[in-house]
Novice: 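Take a look at this one; I'll ask things after.
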Amino acid sequence: LKPSEVSSYWSGMAWEWIRQNPGKAISLAGRKFYLLLSSNEVGDQRQLHLDAAYSWVLRMPFPTFIVVVPLGVLGLALTLPRWRRFLTVDAFLVSQVAALIIIYTSARYRLPMMPAIMTLAGFAVVWLVDTARARKWVPLGAAAWAFALVLFFTVRPTEATVFSSNYFNLANKFRDMGKDDQAIELYRKAISMNKRHLASHNNLALLLAKRQETLQDAVASWEEVRKLAEEMKDAARIERATRNIEALRQQIATGAAPVIAPVPAGEAESDQPAQAQPASPQQAPTGGASQPPPATPAPVPPAPAAPAPGT
């Protein structure tokens, strides 16, 4: 199918669901708007809060959504009487918000609207400083209450959006950097969150097979890969797991040292998007490749995917 045909199919399914479930559609749009303003960086392939544990740059005290969004909302309210001067900024911000509510809310998709929000936040900061210098305590107090209200609305926990795939994708980066210990730890964290995460078992097995003391663990990981692949009826992964199990068992029996060499092309699983729930045998990870829509549309259209976990 052509990309346009895939897009047409799924957009048609979405509009059909909205027509049949207007209440749920409005509720979903409201939740997306809430997540749009939330201090929580809703991760997709990457999770900023998770990555920050391994990056000093991300741990630097830069202003985050917790500060910028309330100031931006305050700035938007303050500029309403001068809307003609801020029409370009406001129109751009509205277009970005509308696009995210219609499509999908994610940390990386929020980035394009940040110039507008930061412009309005800057206006709010200047207004607050000028108002304080002028000792206009009543409007300053009202602004402080508004800031606190928006802050209360936007701040929420961050743990809810860390998925097994986020650990998996970060582990892949460490593996590519040659930091196998960190990668093994993260693959195991991914598996602890989702026992059926086939890709994590696969890549963990590849790293464990590089060490004499963990060859048995590598066999166990490949056996888990084969088990999940059999449930998925994935012949390629069954063959890959079986081949590696036989090679490792022969290596263990002969006492041969592990061969330290680059992972052959096609053996390692690539990065994956976030998954809100553990995969079932029919929905298990497949290396991140998008699946085409069915040739014949299902009689009952599926609901659009939730924008973030916890829905």
Side-chain angles (χ1 to χ4, degrees), residues 1-3 5-6 9-10 13 43-46 163-176 180 183-210 214-252 258-259 261-298 300 302-303 305-306 309:
L1 294 178
K2 295 186 295 184
E5 294 174 320
V6 175
Y9 172 83
W10 289 115
M13 295 287 279
D44 187 359
Q45 289 186 308
R46 297 283 177 268
F163 302 128
S164 57
S165 54
N166 296 139
Y167 283 110
F168 170 77
N169 294 341
L170 185 57
N172 281 351
K173 296 304 176 186
F174 278 110
R175 180 203 65 200
D176 294 342
D180 289 357
I184 289 172
E185 178 186 358
L186 290 166
Y187 286 135
R188 284 175 167 159
K189 284 185 177 180
I191 293 169
S192 70
M193 293 186 68
N194 181 359
K195 303 296 185 184
R196 304 186 58 81
H197 203 261
L198 183 151
S200 290
H201 287 290
N202 184 102
N203 289 9
L204 175 61
L206 290 170
L207 293 185
L208 294 176
K210 295 166 64 175
T214 56
L215 292 181
Q216 291 288 1
D217 293 336
V219 172
S221 292
W222 279 121
E223 287 176 341
E224 191 65 26
V225 171
R226 183 166 62 181
K227 173 186 172 183
L228 295 171
E230 287 172 347
E231 293 178 3
M232 296 164 55
K233 299 184 178 359
D234 188 328
R237 286 184 172 86
I238 293 172
E239 185 279 329
R240 179 198 304 167
T242 301
R243 169 168 42 81
N244 279 281
I245 289 171
E246 293 175 353
L248 286 170
R249 285 177 175 167
Q250 182 178 3
Q251 185 176 329
I252 293 171
V259 177
V263 176
E267 292 287 284
E269 299 284 348
S270 58
D271 288 4
Q272 298 184 342
Q275 293 184 338
Q277 298 177 352
S280 67
Q282 291 76 27
Q283 298 171 325
T286 57
S290 300
Q291 300 299 317
T296 303
V300 180

Novice: Please assess I252 against V219 for the test side-chain contact (heavy atoms from CB on, under 4.5 Å), listing each intermediate value before the final yes or no.
Specialist: CA-CA 10 Å; I252 293 171; V219 172; 4.1 Å; yes
Novice: Does the side chain of R237 come under 3.5 Å of the side chain of N202 through a donor N or O and an acceptor N or O?
Specialist: no
Novice: List for me each residue that meets side chain to side chain donor-acceptor pair (under 3.5 Å) alongside N244, sequence neighbours excluded, and say none if there are none.
Specialist: E267
Novice: Nearest heavy-atom pair of A183 and R175: which atoms, and what distance?
Specialist: CB-N, 3.8 Å
Novice: Check for a donor-acceptor pair, side chain of H201 on one end and backbone N or O of K195 on the other, with a separation under 3.5 Å.
Specialist: yes
Novice: Check whether any side-chain heavy atom of L170 sits under 4.5 Å from a side-chain heavy atom of Y167, and report yes or no.
Specialist: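 In short, these two side chains do not touch, never coming nearer than 4.5 Å.
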Novice: Before you tell me yes or no, could you show the steps for I191 and E224 under side-chain contact (heavy atoms from CB on, under 4.5 Å), namely the whole-Å CA-CA distance, both residues' side-chain angles and the distance that decides it to 0.1 Å?
Specialist: CA-CA 11 Å; I191 293 169; E224 191 65 26; over 6 Å; no
Novice: Could you measure the distance from the CZ atom of R226 to the OG1 atom of T242? Nearest 0.5 Å is fine.
Specialist: 4.0 Å
Novice: How far apart are the closest heavy atoms of K210 and L206, and which atoms are they?
Specialist: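 Closest heavy-atom pair between K210 and L206: CG-O, 3.5 Å.
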Novice: If the condition is side chain to side chain donor-acceptor pair (under 3.5 Å), which residues does E246 pass it with, not counting sequence neighbours?
Specialist: none
Novice: Which heavy atom of L198 sits nearest to which heavy atom of V225, and what is that distance?
Specialist: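 In this case the closest contact between L198 and V225 is CD1-O, 3.9 Å.
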Novice: Residues two or more places apart in sequence or in another chain: which of them pass salt bridge (charged side-chain N to carboxylate O under 4.0 Å, His left out) with E185?
Specialist: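 Salt bridge (charged side-chain N to carboxylate O under 4.0 Å, His left out) check on E185 returns K189.
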Novice: Is there a side-chain contact between Y187 and F168 (heavy atoms, below 4.5 Å)?
Specialist: yes
Novice: Can you measure from CG (L186) to CG (N203) and round to the nearest 0.5 angstrom?
Specialist: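 L186 CG to N203 CG: 12.0 Å, rounded to 0.5 Å.
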Novice: Let me confirm one number: the NZ-CD distance from K227 to E230, rounded to the nearest 0.5 Å.
Specialist: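 Here the interatomic distance stands at 10.0 Å.
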Novice: Which heavy atom of N194 sits nearest to which heavy atom of S164, and what is that distance?
Specialist: CB-OG, 3.6 Å
Novice: Locate the shortest heavy-atom distance separating L204 from S221; write the atom from each residue and the value.
Specialist: CD2-OG, 3.8 Å
Novice: To the closest 0.5 Å, what do you measure between OG1 (T214) and CG (L248)?
Specialist: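 Going from OG1 on T214 over to CG on L248, the span is 9.5 Å.
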Novice: Quick one: CG on L207 to CG on D180, what's the gap to the nearest 0.5 Å?
Specialist: 4.5 Å
Novice: Begin with the C-alpha distance, continue with both residues' side-chain angles, and end with the deciding distance and a verdict on side-chain contact (heavy atoms from CB on, under 4.5 Å) for F163 and N166.
Specialist: CA-CA 5 Å; F163 302 128; N166 296 139; 3.7 Å; yes
Novice: For the pair R249 and E223, find out whether any cationic side-chain nitrogen is under 4.0 Å from an anionic carboxylate oxygen.
Specialist: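 Salt bridge: yes.
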Novice: Nearest 0.5 Å please: distance from the CG atom of N169 over to the CZ atom of F174.
Specialist: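 Rounded to the nearest 0.5 Å, the CG-CZ separation comes to 13.0 Å.
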